[in-house]
Amino acid sequence: YYADTEDNIKKNGDYIINYILPDFLETGNTVNLDNYANSTNVRMTIINARGEVTYESIHSLGGLENHKNRPEMLGALAGNRTTAVRYSNTTKDEMIYVATPYFAEDKSVTAVLRIAMPVNAMDDALFKMINNIIFVILTTIIATTLLINYFINRELKPLEDASVFARDIASGKYGQQLTMIREDQI
């Protein structure tokens, strides 16, 4: 599940790197970044090659310290997409970070897009998925039990009727007639 989440974050990163980040780096316009961050519920940070935060999707965090020595940043500044799972002192939560380098025409890293997601958000999704699976299993068991009960009772009803008829005959009530129209052995 965590690998799928990481892959989804990477796909988001690829889209942002190719379609949104160039406009931001050229104009400084954050509208598209804000819209994307709000619609996907991920934390996005853009950091320049010196490690300075130039964009943070959680605006309330204010001025953030230099990010150059963070594990995911070290790999990204070296030109590699890097993933790290670590505790964030900023958000006070365990986070999964995917840092993707943005290259200039001369192949140097000019910026890094870092997308983060709380690990507990993934735990919540996993918990919901497990609850749904348990619900489906229990519902299936209950429905199967009810259906089995119905079919067994339907098949045993003629035997019960025959038993009642036989007891009535044994007790001297000869005026009754057994009415069973079936093609089977019962």
Side-chain angles (χ1 to χ4, degrees), residues 1-20 32-45 56-61 70-72 75-76 80-100 113-186:
Y1 179 76
Y2 291 111
D4 289 341
T5 301
E6 181 181 350
D7 287 342
N8 287 335
I9 292 173
K10 287 178 180 178
K11 288 176 187 173
N12 284 333
D14 290 341
Y15 178 81
I16 295 164
I17 287 283
N18 292 318
Y19 299 105
I20 299 175
N32 290 334
L33 289 170
D34 289 337
N35 289 339
Y36 195 87
N38 290 334
S39 67
T40 57
N41 292 323
V42 295
R43 178 182 173 202
M44 290 191 316
T45 310
E56 171 60 57
S57 62
I58 302 175
H59 299 292
S60 63
L61 294 179
R70 302 212 174 158
E72 66 277 5
N80 304 309
R81 183 182 311 205
T82 307
T83 301
V85 177
R86 63 177 179 78
Y87 182 78
S88 167
N89 290 322
T90 306
T91 62
K92 307 292 186 231
D93 206 353
E94 190 80 15
M95 305 283 279
I96 181 169
Y97 293 96
V98 177
T100 307
L113 167 68
R114 187 182 72 169
I115 299 177
M117 192 173 182
V119 171
N120 66 5
M122 292 178 278
D123 291 342
D124 291 344
L126 189 60
F127 180 72
K128 287 179 186 176
M129 185 175 65
I130 290 170
N131 279 343
N132 288 339
I133 290 169
I134 290 171
F135 174 76
V136 167
I137 290 171
L138 290 177
T139 303
T140 303
I141 290 171
I142 291 170
T144 302
T145 303
L146 291 174
L147 284 172
I148 288 171
N149 190 35
Y150 169 75
F151 285 116
I152 287 174
N153 286 336
R154 190 181 81 175
E155 291 299 314
L156 293 180
K157 175 103 173 80
L159 286 176
E160 180 64 31
D161 291 346
S163 295
V164 169
F165 178 74
R167 279 194 293 275
D168 287 347
I169 296 281
S171 66
K173 297 179 186 173
Y174 299 112
Q176 298 183 14
Q177 186 174 5
L178 181 61
T179 56
M180 290 190 348
I181 304 171
R182 290 184 62 130
E183 299 286 326
D184 57 11
Q185 294 165 342
I186 296 178

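Numbers here simply count residues along the sequence, with the first being 1. Below, all heavy atoms of this structure are taken into account, side chains as well, without hydrogens, waters or symmetry copies.
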Quick check for you: to the nearest 0.5 Å, what is the distance between Ser39 atom OG and Asp34 atom CG?
10.5 Å
Out of Ile137, Leu138, Val136, which one pairs with Ile134 under the side-chain contact (heavy atoms from CB on, under 4.5 Å) rule?
Leu138
Which residues pass the side chain to side chain donor-acceptor pair (under 3.5 Å) test with Asn149, sequence neighbours left out?
Asn153
I'd like to check the side-chain contact (heavy atoms from CB on, under 4.5 Å) partners of Thr100; sequence neighbours left out, ordered by chain and number.
Ile17, Arg81, Val98
Rounded to the nearest 0.5 Å, what separates atom CD1 in Ile9 from atom CE in Met44?
12.0 Å
Is there a donor in the side chain of Tyr19 and an acceptor in the side chain of Asn32, or the other way round, less than 3.5 Å apart?
no
Partner set under side chain to side chain donor-acceptor pair (under 3.5 Å) for Asn131, not counting sequence neighbours:
none
If I take atom CE from residue Met95 and atom CE from residue Met117, how far apart are they, to the nearest 0.5 angstrom?
9.5 Å
Got a sec, which residues hit side chain to side chain donor-acceptor pair (under 3.5 Å) with Arg70, two or more places apart in sequence or on another chain?
Glu65, His67
I want to check something: taking the side chain as every heavy atom from C-beta on, are Asn132 and Met129 in contact at a cut-off of under 4.5 Å?
no
Roughly how far, to the nearest 0.5 Å, is OG1 of Thr140 from CZ of Phe135?
9.0 Å
Under the criterion side-chain contact (heavy atoms from CB on, under 4.5 Å), which of Leu146, Ile152, Thr145 is the partner of Ile148?
Ile152
Thr83: side chain to side chain donor-acceptor pair (under 3.5 Å) partners, not counting sequence neighbours
Glu6
Filter on salt bridge (Lys or Arg N to Asp or Glu O under 4.0 Å), then keep only pairs touching residues 85-95, sequence neighbours left out; what's left?
Glu72-Arg86
Between atom CD1 of Ile16 and atom OH of Tyr36, what is the distance when rounded to the nearest 0.5 Å?
5.0 Å
